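Here is the structure we will look at.
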Amino acid sequence: MSDIHSKFLKMEVSENLFSLKSSNGTYFWDLVRREVFAIVNSKNSHEKSNNFEKKTLLTNIGGYFKDLIKEVLNYISMQYIIRKKPYYIFTSFQRSIKNGRLYDNIIDDLIDLVKDDALCVEYENKNEISKYQLILGGKTKVPPVYVYTSKNVDNIDEINSIISTKIYHHFDLNINFSKTILECLQTFNSTESFYIKLFKKHAPKKIICTDNGSLKGLFSAARKNDIEIAEIQHGASPGSILWTYDKSLDYQNDGVYMPTTFMTFSKYWSKTIDYPSKEKIEIGNNNFFQPQIKGKNGICFISNNQFHDDFIRLAIELEEIDYEQHIFYKLHPQQFEKKELIMNQLPKNSKIKIVANELSLTKLFEECSYFIAVRSSLIYTALQAGKNILIYKKYNYDWDKILLKSSITFLTAHEINYAINNTMNNKNTSLEENVYFKKLDSSKFLKFLNR
C-alpha cells in the first residue's frame, strides 16, 4: 500500500507539468495524467510498455478512409444538434439496468426533469442511437464524437521523453507512454474541434455530463465559448485521480481543463474532493442514496475485471471452508456478458450465486451483512447501509484511507472466515446515515439550469 497518490501529486506540481505545452500550444499534462497514473499504478520497476509505431502513408491508407467516414458521421451528428437547438446537452453512459432497460444511474433522473428541452449524447447504449433518425431529424440520442486517428500528432516523442523522464525520476519506472499520449491528444483534438464548430452554429444554455476522462476537449470548447458546463460526480472514491488536483490549482489555470460546476453526491464529497471547478453544488443521487438495512448473514464479493481471478478463487475457497455460508458474487457491469462463463468456473455442486443486475441493491443488502471488495463506489453505499466491509490487501489504498478505517483487511479465504466469525461478531457497523449520499435535490439542479 505505497503512497503513490501523494507522490504523483507532488511530482506534477514540483515539476510544473501543468505549464508544459505541445508544439501546437496545447497544455498536455491534464489530458494524459489520469492514464499515466493508471499505468504507473499497475507497473513493476523497469517494465517497458505502451510503445507505438508511427504510421506511414502506405500502412495508414485504411486509417484515412476510416477518418473520412468518421468525418461524415460527425457532420451528421452536428447537423442534427443544430436543427434541434436544445437548451441543454447531456452526456450519458447507460450501463445499469432499471425496470428491464439500460439506464444511466447518474444522468437519466436529471434528463427526466427537462427532457423536452434536452438532447443526449450516449456513450454506451448504442441501441438508443438511430442513424436514420439522425438524418431524418427524428427522436434519437446522438453518438459521441468519432475520434480521428490517421494523423500522427506532432511532438509525441518529445512529450513522451518529458513524461517518461519525470516518472523514472520519481517512481523508478522505465515506461514508454507514447501510445497513451497519442490516444489522449487525438481524443482531445477531435472532441474540441467538433464542439468549437458546433458552438459557432448553436450554443446551448448549459451542458451536463459525467466524464470518463475523455471530455477535456468539450470542457475546453465550452470555456472558449463561455458556456456553463456541469460535471456530475459518478463515482465514490476520495482522492480519485480523475478529480484530485493540488490545492494550488484553480479553475482559471490555463493548464487544466475544467467544468464550471462540479455536482456532488453530498457535502462529504464537496469537502473531500479537491477538484478545481469554479463551484461545487451538492445535488445528491437517488440511486446511490441508501438508508441502513439490517441484513441476513450472507457474504457478497464485489467483483471487477482486474481482480476477478483472485475473487472467484477466494469465493470458492471460502465455500470449501464453510459450505453452509450464503455467498453472492456481484459482477461489475463490464462482466455482465461474461456471466455464463463465470458460472462455469464454479465447482459442479457450488451454491455460490453469481449476480449481474437481476438483484437490486436493496435486495442484496437484505441478504448480506458482509461485503468483500477492492475500491468500489458500491462499498460506500454498503457502508451507508451499515454493512461490514472486508478489503483485499492486494491493492493500493493510499487515497482511500477511510476504507481502511471502516473495514478489516485480508489476503486469504481463511482470514475472511475468521473475521466474519470472530472479529466482526456478526454485527452491522453503526454509521451515521446519509454521510456519503443524499437524496436527489431536483430544485438545486433546476435552479442551476435556470440561473
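Computed from a prediction, not measured in an experiment: that's the story for all the values here.
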Member of Phe188, Phe219, Tyr27 meeting the ring-ring contact (aromatic ring centres under 6.0 Å, His included) criterion with Tyr257: Phe188
Result of checking Lys338, His332, Gln345 against His308 for side-chain hydrogen bond (donor to acceptor under 3.5 Å, both in side chains): Gln345
Side-chain donor/acceptor of Ser190 to backbone N/O of Gln186, under 3.5 Å: yes
Asp109-Tyr103 side chain donor-acceptor pair, cut-off 3.5 Å: yes
Donor-acceptor contact present, side-chain Ser277 to main-chain Pro259, <3.5 Å: no
Atom pair CG/CG of Asp108 and Asn286 - distance to nearest 0.5 Å: 12.5 Å
Among Trp243, Tyr380, Tyr275, ring-ring contact (aromatic ring centres under 6.0 Å, His included) partner for Trp269: Tyr380
Test item: Asp250 side-chain N/O and Asn253 main-chain N/O as donor-acceptor pair under 3.5 Å: yes
Test log, rule side chain to side chain donor-acceptor pair (under 3.5 Å), inputs Ser303 and Gln335: CA-CA 9 Å; Ser303 178; Gln335 298 176 298; 3.0 Å; yes
Rounded distance (nearest 0.5 Å) linking atom CZ of Phe410 with atom CD1 of Ile391: 7.5 Å
Heavy atoms from other residues, nucleotides or ligands near CD of Glu340 exceed 12 (cutoff 6.0 Å): no
For the student: nearest non-hydrogen atoms of Ser214 and Asn212, plus distance: OG-OD1, 2.6 Å
Pairing of Lys139 and Glu128 as salt bridge, 4.0 angstrom limit: no
Reported CG-to-CG distance for the pair Asp30 and Leu249, which is rounded to 0.5 angstrom: 8.5 Å
More than 12 heavy atoms of other groups within 6.0 Å of Lys447 NZ: no
From CD (Glu415) to OG1 (Thr409), nearest 0.5 Å: 7.5 Å
Sequence neighbours excluded, every pair satisfying salt bridge (Lys or Arg N to Asp or Glu O under 4.0 Å) that has a member inside residues 252-272: none
Aromatic ring pairing Tyr88/Phe90, orientation class (parallel under 30°, perpendicular over 60°, tilted between): perpendicular
Donor-acceptor contacts, no H, no angles, side chain residues 12-20, under 3.5 Å, sequence neighbours left out:
unit_1: Glu12; atom_1: OE1; unit_2: Trp29; atom_2: NE1; d: 2.7
unit_1: Glu12; atom_1: OE1; unit_2: Arg33; atom_2: NE; d: 3.1
unit_1: Glu12; atom_1: OE2; unit_2: Arg33; atom_2: NH2; d: 2.8
unit_1: Ser14; atom_1: OG; unit_2: Lys10; atom_2: O; d: 2.9
unit_1: Ser14; atom_1: OG; unit_2: Met11; atom_2: O; d: 3.2
unit_1: Glu15; atom_1: OE1; unit_2: Lys166; atom_2: NZ; d: 3.0
unit_1: Glu15; atom_1: OE2; unit_2: His170; atom_2: NE2; d: 2.9
unit_1: Ser19; atom_1: OG; unit_2: Asn16; atom_2: O; d: 2.7

Lys444 (side chain) donor-acceptor with Ile281 (main chain) under 3.5 angstrom: no
Donor-acceptor contact present, side-chain Thr26 to main-chain Phe28, <3.5 Å: no
Test item: Tyr436 side-chain N/O and Phe288 main-chain N/O as donor-acceptor pair under 3.5 Å: no
Phe437 ring center near Tyr268 ring center (under 6.0 Å): no
Validation row: Phe65, Ser150 side chains within 4.5 angstrom (heavy atoms): no
Over all atoms of both residues, closest heavy-atom pair of Phe371 and Leu364: CZ-O, 4.1 Å
Verdict with reasoning, Glu358 to Lys339, per salt bridge (Lys or Arg N to Asp or Glu O under 4.0 Å): CA-CA 12 Å; Glu358 61 272 18; Lys339 180 179 178 180; 2.8 Å; yes
Residue of the set Asn105, Asp104, Asn125 for which side-chain hydrogen bond (donor to acceptor under 3.5 Å, both in side chains) holds with Gln94: Asn125
Heavy-atom donor-acceptor pair, Asp67 side chain to Thr149 backbone, under 3.5 Å: yes
side-chain contact (heavy atoms from CB on, under 4.5 Å) between Thr412 and Ile416, worked out: CA-CA 7 Å; Thr412 69; Ile416 296 173; over 6 Å; no
Polar side chain donor-acceptor pair, Tyr148 to Asn74, under 3.5 angstrom: yes
Leu185 backbone acceptor or donor facing Asn189 side chain under 3.5 Å: yes
Salt-bridge contact Arg451-Glu228 (side-chain N to carboxylate O under 4.0 Å): yes
Pro143 backbone acceptor or donor facing Glu122 side chain under 3.5 Å: no
Short side-chain donor-acceptor distance under 3.5 Å, Glu192 and Ser220: yes
Derivation of the side-chain contact (heavy atoms from CB on, under 4.5 Å) call for Ile106 and Met263: CA-CA 11 Å; Ile106 306 296; Met263 295 185 171; over 6 Å; no
CA sep, side-chain torsions, deciding dist, call: Leu361, Phe365, side-chain contact (heavy atoms from CB on, under 4.5 Å): CA-CA 6 Å; Leu361 282 185; Phe365 290 149; 4.1 Å; yes
Side-chain donor-acceptor pair present, Tyr123, Ser92, cut-off under 3.5 Å: no
No-hydrogen, no-angle side-chain donor-acceptor test under 3.5 Å, Glu282 and Ser270: yes
side-chain contact (heavy atoms from CB on, under 4.5 Å) evaluation trace for Ile107 with Thr210: CA-CA 8 Å; Ile107 290 291; Thr210 54; 3.9 Å; yes
Heavy-atom neighbours of Arg313 CZ exceed 12 at 6.0 Å: yes
Ala315 versus Tyr329, closest heavy-atom pair with distance: CB-CD1, 4.2 Å
Ring centres under 6.0 angstrom apart (Tyr392, Phe311): yes
CZ on Arg223 to CD1 on Ile229, rounded to 0.5 Å: 11.0 Å
Shortest non-hydrogen contact from Arg83 toward Leu136: NH2-C, 4.2 Å
Gap separating the SG atom of Cys120 from the CD1 atom of Ile111, nearest 0.5 angstrom: 4.0 Å
Over all atoms of both residues, closest heavy-atom pair of Val435 and Ser266: O-OG, 3.2 Å
Nearest heavy-atom neighbours spanning Phe262 and Ile232: CE1-C, 4.3 Å
Within 6.0 angstrom of Lys278 NZ, more than 12 heavy atoms from elsewhere: no
Gln290-Thr381 side chain donor-acceptor pair, cut-off 3.5 Å: no
Under 3.5 Å: donor-acceptor pair, side chain of Lys84, backbone of Gly137: yes
Row check, Tyr87 ring normal vs Lys206 NZ/CZ: under 6.0 Å, within 45°: no
